[in-house]
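Here's the structure we're looking at; comments come further down.
Counting starts at 1 for both ligands and their atoms, in listed order.
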Amino acid sequence: MHYGYDGRVAVVTGGSSGIGLATTRLLLASGANVAICARNEERLQKVASDLTAEFGEGRVFAKALNVLDEADVQAFAVDVQDRFGRCDLLVNNAGQGRVSTFAETTDDDWRAEYELKVFSQVRPVRAFKAMLAEANGSIVVVNSLLAYQPEAHMVCTSSARAGVQNLAKSLSVELAPKVRVNSILIGLVDSGQWQRRFEAREDKSQCREDWYADLASKKRIPLGRLGQPEEAAAAIAFLGSPAASYITGAQIEVSGGVSRHI
Ligand code: NDP
């Protein structure tokens, strides 16, 4: 599929792994130049040099930062302007989930989770919105199905994700008509997060394939498996592209059908 990103510039937060990396790769393959960020400098620079080898010199710009750091995110936007001169798409993807029940979740946990979920949106949007407006660009929020279908064992992530969905809707109104804002709702997608949970499994004799098959069965995923990062990336690339030019304030679920609501 051709998404029409020739001559465009995208920024992907958390572009060094999982969904962010698959999105970066798809956008590069579709003609965009891409700026990525993540905290772990070594992994980020390795990814950037692999992508440069694959897609060519000057197509990727990588900067190590925490998306929660206002000054660093502002400086990143200045770097993107200097390097590429524009920004057509911001993919707010950086983050991770927190597994804890209400009984286990401390006040500090609640604060940290809300800080991550809310400010990983607020800070990049604030830094890039002028450039996005100039380019008639768009924002894609990588959110979770937990926003609509909370899980008791991920109580603060679910609650914060609902807030993020609400924020995306407000942004789609405030930033219109220049900037479109949409989101994807992930169910379970095989990424760094699930790899870490697999490595921490109780029964170490269980192989990766069986552990994932078990998980898909326990979660009653109608398509019978976890999603691949490339499947999330395809929805992100579509929402950010000219093909979605009349879509804003909307969401696409990438969950293998695991949602129970209609
Ligand atoms: P990965 O762990 O594979 O990738 C997460 C990426 O985000 C990494 O590049 C990581 O790099 C970066 N990152 C994390 N925190 C920060 C931060 N504070 N500042 C900058 N970069 C950061 O996970 P996924 O691909 O699964 O996750 C992508 C998004 O999708 C996340 O927001 C996640 O919560 C969401 N999601 C994923 C689901 C799934 O099943 N996979 C389900 C629901 C939502 P580094 O650690 O170096 O900073």
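Proximity annotation for atom 24 (P) of ligand 1: of Ser255, Gly192, Gly18, Ser191, Ser191 comes nearest, heavy atoms only. Relative to atom 8 (C) of ligand 1, the option among Arg43, Met154, Gln96 with the closest non-hydrogen atom is Arg43. Among Leu44, Ile186, Asp190, the residue whose heavy atom lies closest to atom 38 (C) of ligand 1 is Ile186.
Within the 4.0 Å heavy-atom criterion, neither part of Glu115 lies near ligand 1.
One finds no salt bridge joining Glu42 and Lys46 here, because no Lys/Arg side-chain nitrogen approaches an Asp/Glu carboxylate oxygen to under 4.0 Å. Salt bridge Lys178/Glu134: absent, no basic N to carboxylate O contact under 4.0 Å. With respect to Glu54 and Arg25, a salt bridge is recorded, a charged nitrogen being found less than 4.0 Å from a carboxylate O. Look at Glu199 and Lys204 and you find no salt bridge, because none of the NZ, NE, NH1 or NH2 atoms lies under 4.0 Å from a carboxylate O. In summary, Asp210 and Arg208 do not engage in a salt bridge, as defined by a charged side-chain N under 4.0 Å from a carboxylate O.
Protein heavy atom closest to atom 47 (O) of ligand 1, with residue, atom name and distance, is Asn40 N, 2.8 Å. Looking only at protein heavy atoms, the nearest one to atom 35 (C) of ligand 1 is Arg161 NH2, 3.5 Å. Asn93 O, 3.1 Å is the protein heavy atom nearest to atom 29 (C) of ligand 1. Among protein heavy atoms, atom 9 (O) of ligand 1 sits closest to Ser16 OG, 2.8 Å. Closest to atom 16 (C) of ligand 1 among all protein heavy atoms lies Arg39 NE, 3.4 Å.
Thr13 does not count as a contact of ligand 1, since none of its heavy atoms falls under 4.0 Å from the ligand. Using a 4.0 Å cutoff on heavy atoms, Ala232 does not count as a contact of ligand 1. In this structure, Leu65 is part of the shell of residues with a heavy atom less than 4.0 angstrom from ligand 1. Proximity of Gln195 to ligand 1 is not established, as no heavy-atom distance is less than 4.0 Å.
Using modelled atom types, one finds a donor on one side chain and an acceptor on the other under 3.5 Å when comparing Ser100 with Thr105. When only modelled atom types and interatomic distance are considered, Gln149 and Ser259 share no side-chain donor-acceptor pair under 3.5 Å.
Close contacts between ligand 1 and Ser144 involve ligand atoms 43 (C), 44 (C) [criterion: under 4.0 Å to a heavy atom].
For Ala38, no nitrogen or oxygen atom sits less than 3.5 Å from a nitrogen or oxygen atom of ligand 1, counting backbone and side chain alike. In terms of polar-atom proximity, defined here as any N/O pair under 3.5 Å, Val67 does make such a contact with ligand 1. Of the N or O atoms in Leu68, none lie within a sub-3.5 Å distance of an N or O in ligand 1. Between Gly14 and ligand 1, a contact under 3.5 Å exists for at least one N or O pair. Taking only nitrogen or oxygen atoms, main chain and side chain alike, Asn143 does not reach within less than 3.5 Å of ligand 1. In terms of polar-atom proximity, defined here as any N/O pair under 3.5 Å, Val189 does make such a contact with ligand 1.
Under a 4.5 Å side-chain heavy-atom cut-off, the cluster of Ile, Leu, Val, Met, Phe, Trp and Tyr residues that includes Val99 is completed by Leu146, Met154.
The heavy-atom pair separating Arg59 from Asn33 by the smallest distance is NE-OD1, 2.9 Å.
With Tyr5 as the aromatic partner, Arg8 does not meet the cation-pi criteria of under 6.0 angstrom to the ring centre and within 45 degrees of the ring axis.
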